[in-house]
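These notes concern the structure reproduced below.
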Amino acid sequence: MFIATVALSLLPALAFAGAGFPKLSGKDEMAAELGRLGVSGGFTRVIGALEILGAIGLITGLWITVLGIAAATGLALLMAGAVATHVRARDDAKRTLPSLVLLILSTITLGLGLAGL
């Protein structure tokens, strides 16, 4: 079970770090995409910071279980909001799927963390 926990912590951690840095740095493409969804530039940076902190929390959670659980919970909630935002904007499945996959991975990671308590 530990190998599954490691894999399901590192995979979303890398994905969230990769998604968070462009948002935090204010990349034009990312700002335009989130702006299309109705997200302000300032909040885009907040989302990026939360994704990066969540990624760090998932990795740290391999040693400090409670921190990993908290990070997975926060990231799952963040991705639930992202999915809801895409649905509200009537985005197609191609645009909504990445957020949905990260929501599922975060939820599975949360479940594994809770099972390890």
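If you read the sequence from its start, that first residue is 1, and numbering goes on from there. The model shown is predicted, which means the values in this text are computed figures rather than measured ones.
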Do you know the tightest heavy-atom contact between [X] and [Y]?
| X | Y | value |
| --- | --- | --- |
| L58 | G68 | CD2-O, 4.0 Å |
| S9 | L62 | OG-CD2, 3.7 Å |
| A17 | A55 | N-CB, 4.0 Å |

Would you say [Y] ends up clustered with [X] if hydrophobic residues are merged whenever their side chains have heavy atoms under 4.5 Å apart, either directly or through other cluster members?
| X | Y | answer |
| --- | --- | --- |
| F21 | L10 | no |
| I69 | I108 | no |
| L114 | I59 | no |
| V83 | L105 | yes |
| L112 | L14 | no |

Just how far is it from atom [atom1] of [X] to atom [atom2] of [Y], taken to the nearest 0.5 Å?
| X | Y | atom1 | atom2 | value |
| --- | --- | --- | --- | --- |
| T60 | I64 | OG1 | CD1 | 6.5 Å |
| D92 | L97 | CG | CG | 10.0 Å |
| M79 | T85 | CE | OG1 | 9.5 Å |
| K27 | T44 | NZ | OG1 | 14.5 Å |

Step-by-step side-chain contact (heavy atoms from CB on, under 4.5 Å) determination, D91 to L37: CA-CA 9 Å; D91 275 350; L37 294 170; 3.4 Å; yes
Could you give me the CA-CA distance, side-chain angles and deciding distance for R45 and M30, then say whether side-chain contact (heavy atoms from CB on, under 4.5 Å) is met? CA-CA 10 Å; R45 291 176 192 258; M30 191 60 68; over 6 Å; no
Taking side chain as C-beta onward, heavy atoms only, is L75 less than 4.5 Å from P12? no
Any side-chain heavy-atom pair from E33 and K23 closer than 4.5 angstrom? no
Could you point out which residue of V46, I52, I47 forms a side-chain contact (heavy atoms from CB on, under 4.5 Å) with L50? V46
Could you tell me whether L117 atom CG has more than 12 heavy atoms of other residues or ligands within 6.0 Å of it? yes
Donor-acceptor pair, D28 side chain versus A31 backbone, under 3.5 Å? no
Please collect all side-chain hydrogen bond (donor to acceptor under 3.5 Å, both in side chains) contacts where either partner lies in residues 106-117, sequence neighbours excluded, each pair once. none
